[in-house]
Amino acid sequence: MTQGVVTRFPPSPTGYLHLGGARTALFNWLFARKHKGKFILRIEDTDRERSTEEYARDIIESLKWLGIDWDEGPYFQSQRFHIYQGYIERLLEAGNAYYCYCTQEELERKRQEAMERGLKPKYDLTCREKDLPEKAGAVVRLKSPLSGVTTFRDLVRGVITVPNEELDDLVLRRSDGTPTYHLAVVADDIELGVTHIIRGDDHLNNTPRQIAIYRALGLQIPHYAHVPMILGPDKKRLSKRHGATSVMAYKEMGYLPMALLNGLVRIGWSYGDQEKFTLPELIEKFSLEGIGKSPGVFNQEKILDLNGVYIRESDEEYLLKELIPFLEEIGIRDIEREGLIKAIRTLKPRSKTLREMAEGCRMYFERPFVHDRELLKRFLTPEVISILHRLRERLSAQKSWDIQGLEDCFKGFLDEGKIKLKVIAQPLRVILTNRTASPGLFEVMEVLGKDETLRRIDISLLGEGI
RNA sequence: GUCCCCAUCGUCUAGUCAGGUCCAGGACACCGGGCUUUCAAUCCGGCAACAGGGGUUCAAAUCCCCUUGGGGACGCCA
């Protein structure tokens with residue numbers, strides 16, 4: 001199995017790449033990388049009504065952002081109709097497919113009736129044995145086995161058996177001449193030499209139908225691995241109504257791709273108790289055996305936490321590069337690099353997303369900086385103001401403006417005046433940041449620099465009429 | 001309705017295939033505490049689950065059956 005593994009990810013561009021699709025892509029990609037095989041991207045746009053180029057672009061962009069690269073493709077099924085036509089003809093010639101004249105209205109009516117009578121709605125085989133000639137507007141159907149069972153071994157589910165009465169003569173070519181999904185997937189998977197089909201288990205029921213096509217073609221079936229679905233908090237299949245579900249939405253919220261990847265991979269797959277993986281580790285440790293059978297609810301909080309972990313572990317250079325778009329979005333630009341690096345260092349342990357980190361930068365870099373007078377008033381008692389005046393003098397004489405130097409400076413000042421840091425910490429914090437919660441005071445002062453620090457103290461004390 | 005699949009803390013899961021080491025482990029969330037200039041981070045501690053019922057067995061979260069619950073499929077969508 002290690003030799004010659006070929007997997008593929010075949011999204012249909014009828015929507016943005018969502019979390020479920022991304023995880024499926026990830027599993028296929030990991031499996032291929034682990035076995036030194038090939039991973040193919042194929043865009044399934046046979047439904048020209050609903051497919052758009054914009055979605056196709058989003059899918060490609062999302063995969064790139066996640067770092068999931070492909071060795072072949074993207075193939076577009078809409079450009080491969082001639083291939084599918086060849087397969088349809090093969091089936092027709094072998095007598096394993098036939099033309100059907102039934103109209104969609106008729107079929108819909110029959111489906112309704114069957115449902116009402118409590119039967120499984122399926123094609124009633126009206127045209128199956130008529131041996132009708134080709135005709136404009138006719139569809140081509142597969143002659144599926146009518147009795148017996150179809151059994152296959154799924155790499156995560158085990159042996160699956162379905163009675164063939166459950167299958168019906170599925171359409172291979174529509175009345176407009178375009179191939180349907182079932183035919184196109186099978187044809188492409190054969191053409192591209194796909195060995196392992198790893199997909200969502202919403203396709204489990206489709207598998208026997210597709211197997212029927214392989215059999216009609218006289219070909220061997222590939223390996224199948226159906227992975228459980230990702231559900232929303234209401235245990236329904238994850239969809240737009242559950243909020244942010246597109247990959248790009250996570251990028252925009254300030255998630256790091258590795259955090260999303262790591263969060264996604266742990267839904268439905270595990271490696272003992274390990275929660276965090278590097279990419280090489282994932283490639284090394286990933287296996288189909290580690291995939292569970294039951295569907296998993298998407299846990300946004302856990303991914304948020306993971307994102308915090310990755311932010312904390314990332315170096316400032318990397319974070320800066322990723323942070324810039326978020327800063328620009330809120331109007332913070334042209335800040336010198338050293339200052340930003342220092343700011344990021346202070347914000348790292350308290351930011352769960354890049355967006356949050358950018359927000360944190362406001363207190364350092366947003367101009368003009370305007371105090372909230374009400375807030376100030378609450379903290380500036382006469383006693384505090386008098387201490388701050390003296391502190392201001394001391395600070396203006398301070399030479400080494402770094403965390404250590406400032407800490408020493410404060411220590412000397414507080415000891416001499418027998419003042420507790422607690423007394424002036426919060427007032428100073430409000431003066432410097434306009435907030436009651438912030439990184440440590442010395443860190444803040446270092447990022448602000450001497451001039452800005454003194455300036456903020458001055459304007460706040462001045463404003464109080466002193 | 002019919003068929004297929006699934007079932008461990010609120011959530012993701014380990015353990016299930018090869019039954020005893022599991023009065024069930026880890027993570028997120030939540031609660032309490034330490035550290036502390038605030039908020040975080042960090043450290044320590046706590047809450048919390050084998051869906052129910054029958055078997056098999058000396059022994060079952062683990063094997064079998066039923067019930068219940070959940071998901072999916074049943075398109076000239078993919």
Side-chain angles (χ1 to χ4, degrees), chain A residues 10-15 44-47 49-51 77 100 102-104 107-108 111 114-123 137-141 154 157-158 160-163 165-168 170-182 184-185 200-209 226 228-229 231 233 235-237 263 266-276 289 292-306 308-309 312 346-352 360 410 420-430 433 435-442:
Chain A
S12 67
T14 54
E44 307 218 325
D45 56 350
T46 52
D47 179 359
E49 297 275 299
R50 298 193 304 148
S51 301
Q77 287 191 326
C100 165
C102 296
T103 66
Q104 294 188 58
L107 295 171
E108 184 51 36
R111 252 195 295 278
M115 285 279 223
E116 278 158 26
R117 291 189 10 236
L119 297 171
K120 189 181 174 87
K122 50 183 251 189
Y123 181 57
V139 301
V140 175
R141 284 182 185 274
D154 188 277
R157 296 316 177 86
I160 308 280
T161 301
V162 180
E165 295 98 79
E166 292 303 316
L167 276 37
D168 65 0
L170 78 189
V171 172
L172 301 174
R173 192 176 75 189
R174 301 186 186 97
S175 49
D176 66 359
T178 59
T180 59
Y181 160 73
H182 289 292
V185 216
D201 72 9
D202 47 337
H203 285 289
L204 200 53
N205 295 277
N206 289 154
T207 306
R209 302 157 166 277
H226 286 92
M229 306 257 80
L231 311 177
K235 303 258 186 187
K236 298 276 183 215
R237 178 188 185 145
R266 284 284 289 108
I267 306 176
W269 177 82
S270 62
Y271 187 82
D273 281 339
Q274 189 169 345
E275 297 280 350
K276 227 183 117 270
E289 291 74 49
K293 298 179 177 187
S294 46
V297 172
F298 178 67
N299 188 343
Q300 180 136 22
E301 280 167 337
K302 194 157 180 170
I303 298 214
L304 184 62
D305 176 75
L306 251 181
V309 172
R312 264 171 261 141
T346 72
L347 262 9
K348 247 167 69 168
R350 54 206 102 216
S351 303
K352 295 236 186 271
F410 266 65
K420 285 229 181 287
L421 176 58
K422 227 182 177 94
V423 178
I424 56 164
Q426 278 307 76
L428 228 203
R429 184 181 317 282
V430 170
T433 68
R435 303 179 187 195
T436 53
S438 80
L441 280 178
F442 309 129

Spacing between A:Glu275 atom CD and B:rA14 atom C1', to the nearest angstrom | 10 Å
State which of B:rA27, B:rU2, B:rU37 makes the closest approach to the side chain of A:Ala425.
-> B:rU37
Can you tell me how far the CD1 atom of A:Ile424 sits from the CG atom of A:Leu441, to the nearest 0.5 Å?
-> 8.0 Å
Say you pick atom C1' in B:rG15 and the same atom in B:rU21; how far apart are they, in whole Å?
-> 12 Å
What nucleic acid atoms does A:Thr178 come within less than 4.0 Å of, heavy atoms only: base, sugar-phosphate, or nothing?
-> nothing
Would you indicate which nucleotide in B:rA73, B:rG1, B:rA78 comes nearest to any side-chain atom of A:Asn205?
-> B:rA73
With no angle test and no hydrogens, is the base of B:rA27 tied to the side chain of A:Asp305 by a donor-acceptor pair under 3.5 Å?
-> no
So do A:Thr207 and A:His226 actually touch side chain to side chain, heavy atoms under 4.5 Å?
-> yes
Do the side-chain N or O atoms of A:Thr46 get closer than 4.0 angstrom to the phosphate oxygens (OP1, OP2) of B:rA78?
-> yes
Expressed as a whole number of Å, how far does the P atom of B:rA29 sit from that of B:rU16?
-> 28 Å
What about A:Lys293: does its side chain form a donor-acceptor pair under 3.5 Å with the base of B:rC6?
-> no
Which value, in whole Å, describes the distance between the C1' atoms of nucleotides B:rG70 and B:rA27?
-> 24 Å
Any idea which of B:rC76, B:rG10, B:rA73 is nearest the A:Ser175 side chain?
-> B:rC76
How long is the line joining CZ of A:Phe298 and P of B:rU11, in whole Å?
-> 16 Å
Atom pair distance, as rounded to whole Å: CG in A:Leu304 and P in B:rC12 | 18 Å
Between B:rC58 and B:rC3, how far is it from one C1' atom to the other, in whole Å?
-> 42 Å
When rounded to the nearest Å, what value does the distance between C1' atoms of B:rC30 and B:rU68 take?
-> 30 Å
A:Arg237 has a side chain; which of B:rC28, B:rA27, B:rG71 sits nearest to it?
-> B:rG71
Roughly how far apart are A:Gln426 CD and A:Thr436 OG1, rounded to 0.5 Å?
-> 6.5 Å
Quick one: label A:Asn206 by what it contacts on the DNA or RNA (base, sugar-phosphate, nothing), any heavy atom closer than 4.0 Å.
-> base
Looking across every strand, which nucleic acid part, if any, lies under 4.0 Å from A:Thr161 by heavy atom: base, sugar-phosphate, or nothing?
-> sugar-phosphate
With sequence neighbours excluded, tell me which residues meet side-chain contact (heavy atoms from CB on, under 4.5 Å) with A:Arg350.
-> A:Pro439, A:Glu443
Contact summary for A:Ala184 and A:Thr46, nearest pair of heavy atoms | CB-CG2, 4.3 Å
Distance from A:Tyr181 atom OH to A:Arg209 atom CZ, nearest 0.5 Å?
-> 11.0 Å
Under 4.0 Å between any heavy atoms, over every strand shown, what does A:Val139 touch: base, sugar-phosphate, or nothing? Just pick one.
-> base
Does A:Arg429 make a side-chain N or O approach to OP1 or OP2 of B:rU36 shorter than 4.0 Å?
-> no
Flag the pair A:Lys122 and A:Glu165 as a salt bridge only when some basic side-chain nitrogen lies within less than 4.0 angstrom of an acidic carboxylate oxygen.
-> no
Sticking with atom C1', work out how far B:rA59 lies from B:rC23, rounded to a whole angstrom.
-> 15 Å
Would you indicate what A:Lys348 reaches in the nucleic acid, counting non-hydrogen atoms under 4.0 angstrom: base, sugar-phosphate, or nothing?
-> nothing
Using Watson-Crick geometry (N1-N3 plus N6-O4 or O6-N4) or G-U wobble (N1-O2, O6-N3), each under 3.5 Å, B:rA27 is paired with B:rU11
Mind checking who B:rG1 pairs with, Watson-Crick or G-U wobble, both distances under 3.5 Å?
-> B:rC74
Among the candidates B:rA29, B:rU13, B:rU37, find the nucleotide nearest to the side-chain atoms of A:Arg266.
-> B:rU13
Minimal heavy-atom distance between A:Asp45 and A:Pro13, with the atoms involved, is CB-CG, 3.8 Å
Which is true for A:Ile267 with a 4.0 Å heavy-atom rule: it touches a base, it touches only sugar-phosphate, or it touches nothing?
-> sugar-phosphate
Tell me what A:Glu301 touches on the nucleic acid: a base, only sugar-phosphate, or nothing, going by heavy atoms under 4.0 Å.
-> sugar-phosphate
Expressed as a whole number of Å, how far does the P atom of B:rC63 sit from that of B:rC47?
-> 29 Å
Touch class at under 4.0 angstrom, heavy-atom based, for A:Ile160 against every strand present = sugar-phosphate
So what does A:Gly296 hit on the nucleic acid, given a heavy-atom distance under 4.0 Å: a base, only sugar-phosphate, or nothing?
-> sugar-phosphate
Distance between the P atoms of B:rC35 and B:rC22, in whole angstroms?
-> 35 Å
Quick one: which of B:rG25, B:rA73, B:rC39 gets closest to the side chain of A:Asp202?
-> B:rA73
Under a 3.5 Å limit for both distances, which nucleotide forms a Watson-Crick or G-U wobble pair with B:rU38, could you say?
-> none
Taking the side chain as every heavy atom from C-beta outward, state whether A:Leu170 and A:Leu172 have any atom pair closer than 4.5 Å.
-> yes
Base-contact (B) and sugar-phosphate-only (S) positions in nucleotides 15-21 of chain B, heavy-atom cut-off under 4.0 Å, - elsewhere | -------
Nearest to side-chain heavy atoms of A:Arg50, which nucleotide of B:rG25, B:rA78, B:rU37 | B:rA78
For nucleotides 61-65 of chain B, which of its nitrogen or oxygen atoms have a protein nitrogen or oxygen under 3.5 Å away, and what is each distance?
none

Please work out if A:Pro439 contacts a base, only the sugar-phosphate, or nothing of the nucleic acid, heavy-atom cut-off 4.0 Å.
-> base
Shortest non-hydrogen separation from A:Thr180 to A:Arg173 and the atoms involved | CG2-N, 4.4 Å
Nearest to side-chain heavy atoms of A:Glu44, which nucleotide of B:rA78, B:rG26, B:rU38 | B:rA78
Quick one: CG on A:Leu204 to CG on A:Asp154, what's the gap to the nearest 0.5 Å?
-> 6.0 Å
N/O donor-acceptor pair, side chain A:Arg350 with base B:rC39, under 3.5 angstrom | yes
Rounded to the nearest 0.5 Å, what separation is found between the CD atom of A:Glu275 and the OG atom of A:Ser270?
-> 9.5 Å
Within this structure, what is the NE2-to-C1' distance between A:His203 and B:rC4, rounded to whole angstrom?
-> 15 Å
How is A:Gly268 classified with respect to the nucleic acid when contacts are heavy atoms under 4.0 Å: base, sugar-phosphate, or nothing?
-> sugar-phosphate
Which part of the nucleic acid does A:Arg111 contact within heavy-atom distance under 4.0 Å: base, sugar-phosphate only, or nothing?
-> sugar-phosphate
Touch check for A:Asp201, heavy atoms < 4.0 angstrom, all strands: base, sugar-phosphate only, or nothing?
-> sugar-phosphate
From B:rC76, B:rC3, B:rA27, nucleotide with atom closest to A:Val162 side chain = B:rC3
Tell me: CZ of A:Arg157 to P of B:rC6, nearest whole Å?
-> 6 Å
A:Arg435 near the nucleic acid: base, sugar-phosphate alone, or nothing, with a heavy-atom cut-off under 4.0 Å?
-> nothing
Kindly say if A:Lys352 contacts the phosphate of B:rA41, meaning a side-chain N or O under 4.0 Å from OP1 or OP2.
-> yes
Quick note, A:Ser12 side chain, CB onward, closest among B:rA78, B:rU37, B:rA27 is B:rA78
Does a side-chain N or O from A:Lys420 land closer than 4.0 Å to OP1 or OP2 of B:rU37, or not?
-> no
